Amino acid sequence: AHDAAPTHPSAMMKLCAVLALVAPTSAVMISTTPMQQRFAVPAATSRAAVQMVAVSAKEVKALRDVTGAGMMDCKKALVDAEGNVEVATEALRAKGLASADKKASRAVKEGIIETYIHTGSKLGIMVEVNCETDFVAKRPEFAELAKSIAMQVAASPTVEAVSESDIDSEWISKEKKIEAASEDLQGKPDQIVAKIVDGRVAKTIKAKLLLEQPYIRDPNMSVDELVKSYTAKLGENIKVARFVRFNMGETATAEEDEE
């Protein structure tokens with residue numbers, strides 16, 4: 001048999017035109033040059049592959065250690081952020097906060113009591129942190145959170161309550177009356193006075209609330225956000241129930257004041 005005659009360039013171009021009409025352009029490409037690859041990977045797939053390769057396992061693990069999110073979530077966040085760790089971290093944090101808000105109504109009947117004794121043994125903190133199941137209560141990550149909360153209380157001398165719901169409403173009313181009587185507010189319109197008073201009292205209350213404080217190890221997040229990040233990590237609703245602060249000698253001082 002005789003060898004087939006080489007395909008004429010114009011015939012090849014006509015064939016490509018016909019194929020372009022009957023097949024998706026991203027599915028297959030016929031090269032007009034014999035040395036070129038006859039099947040090409042779609043451009044979108046190539047770009048995605050480059051992005052995936054750019055995110056190393058080390059980077060994914062580092063992001064997971066910071067956020068506590070799953071490995072696949074961390075990898076996706078880094079790819080979406082084109083390798084920008086800060087953007088990926090914020091995206092995961094927002095996702096975790098949304099997840100925590102959905103779990104906020106679940107009952108928390110388990111948990112642990114954790115303690116922290118400050119250097120010198122002059123200050124001690126005891127905290128109760130609750131979760132949904134005994135399984136999560138026994139997780140080392142949960143104990144880690146409880147210890148962090150205890151250390152936060154030790155570092156926050158102005159903190160007196162966990163959240164605003166723990167603040168006595170009578171105390172709030174009394175503070176508003178005191179602020180309204182401030183000398184610098186005299187003679188101002190009632191609406192202006194009310195607005196200023198609300199702002200000042202809100203600032204005072206915030207200084208007393210544990211969940212509103214900047215986290216000592218990462219001031220960019222609040223203690224409330226810290227707790228919610230563990231809710232996202234462990235998959236259960238987590239609440240800081242209460243805390244007690246012990247200062248060496250405070251009972252002796254109280255007795256002297258009574259005398």
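If you're wondering where the values come from, they're calculated on a predicted model, not measured in any experiment.
- Of all heavy-atom pairs spanning Ala155 and Ile216, the tightest one is CB-CG2, 3.9 Å.
- Taking the side chain as every heavy atom from C-beta outward, Ile125 and Val244 never approach each other to under 4.5 Å.
- A single hydrophobic cluster is not seen to contain both Met126 and Phe243; linkage of ILVMFWY side chains at heavy-atom distances under 4.5 Å, directly or through other members, places them apart.
- Exactly one of Glu141, Glu144, Glu236, Arg139 qualifies for a side-chain hydrogen bond (donor to acceptor under 3.5 Å, both in side chains) with Tyr230. That residue is Glu144.
- Using a 4.5 Å cut-off on side-chain heavy atoms (C-beta onward), Leu78 and Glu59 make contact.
- Classification of Arg242 and Asp166 as a salt-bridged pair fails, no side-chain N sitting under 4.0 Å from a carboxylate O.
- Rounding to the nearest 0.5 Å places CE of Met248 at 10.0 Å from OG of Ser121.
- With hydrogens and angles ignored, the 3.5 Å screen pairs a side-chain donor or acceptor of Ser173 with a backbone N or O of Ser169.
- Hydrophobic clustering (side-chain heavy atoms under 4.5 Å, transitive across Ile, Leu, Val, Met, Phe, Trp, Tyr) groups Val197 together with Ile172.
- Atoms CD1 and CD, on Ile112 and Glu128 in that order, are 10.0 Å from each other to the nearest 0.5 Å.
- The main-chain N or O of Gln213 is never found under 3.5 Å from a side-chain atom of Gln152 such that the two would form a donor-acceptor pair.
- Between the side chain of Ser156 and the backbone N or O of Val159 there is no donor-acceptor pair closer than 3.5 Å.
- Leu145 and Leu209 are assigned to two separate hydrophobic clusters, defined by single-linkage of ILVMFWY side chains at heavy-atom distances under 4.5 Å.
- Interatomic distance, NZ of Lys109 versus CG of Asp134, reported as 14.0 Å (0.5 Å rounding).
- The heavy-atom pair separating Phe142 from Cys131 by the smallest distance is CE1-CB, 3.7 Å.
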Tyr215/Asn220 under side-chain contact (heavy atoms from CB on, under 4.5 Å): CA gap, chis, key distance, verdict:
CA-CA 7 Å; Tyr215 178 39; Asn220 292 320; over 6 Å; no

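- The shortest heavy-atom contact between Tyr116 and Ala150 is CB-CB, 3.7 Å.
- Of the possible donor and acceptor atoms, one in the side chain of Glu132 sits under 3.5 Å from a partner among the backbone N and O of Asn237.
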Check your understanding: Checking side-chain contact (heavy atoms from CB on, under 4.5 Å) for the pair Val153/Arg245: CA distance, chi angles, key distance, verdict?
Key -> CA-CA 8 Å; Val153 175; Arg245 182 188 290 107; 3.7 Å; yes

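- Put simply, the side chain of Asn130 does not reach to within 4.5 Å of the side chain of Glu110, judged on heavy atoms.
- Side-chain atoms of Glu212 and Ser222 include no donor-acceptor pair closer than 3.5 Å.
- Every residue two or more places apart in sequence or in another chain that forms a side-chain hydrogen bond (donor to acceptor under 3.5 Å, both in side chains) with Ser165 is listed here: Ser163.
- Salt bridge absent: Lys206 and Asp224 never bring a charged side-chain N and a carboxylate O closer than 4.0 Å.
- For the pair Asn84 (side chain) and Val87 (backbone), a donor-acceptor distance under 3.5 Å is present.
- Side-chain atoms of Val127 and Ile113, non-hydrogen and from C-beta on, never get closer than 4.5 Å to each other.
- Between Ala81 and Ala88, the shortest heavy-atom distance links the atoms CB-N, 3.8 Å.
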Using the side-chain contact (heavy atoms from CB on, under 4.5 Å) rule, take Asp198 and Lys176 through it: C-alpha gap first, then chi angles, then the decisive distance, then the call.
CA-CA 7 Å; Asp198 287 344; Lys176 286 185 175 182; 3.5 Å; yes

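- You'll find the side chain of Arg200 reaches within 4.5 Å of the side chain of Leu185, heavy atoms only.
- Nearest heavy atoms, Pro214 versus Pro219: CB-O, 3.9 Å.
- Note on Leu123: it clusters hydrophobically with Ile149, by side-chain heavy-atom contacts below 4.5 Å among ILVMFWY residues.
- A donor-acceptor pair shorter than 3.5 Å cannot be found between the side chains of Asp184 and Gln186.
- Looking at Thr133 and Val136, their side chains come closer than 4.5 Å, going by heavy atoms from C-beta outward.
- Follow the hydrophobic side-chain contacts under 4.5 Å out from Met151 and you reach Met221 in the same cluster.
- Atoms CD1 and CD, on Ile205 and Glu175 in that order, are 8.5 Å from each other to the nearest 0.5 Å.
- Between Lys208 and Thr158, the closest side-chain pair of non-hydrogen atoms is not below 4.5 Å.
- Considering every non-hydrogen atom in both Ala241 and Val162, the closest pair reads O-CG2, 4.0 Å.
- Between Trp171 and Thr204, some side-chain heavy-atom pair lies under the 4.5 Å cut-off.
- Between the side chain of Lys147 and the backbone N or O of Thr115 there is at least one donor-acceptor pair closer than 3.5 Å.
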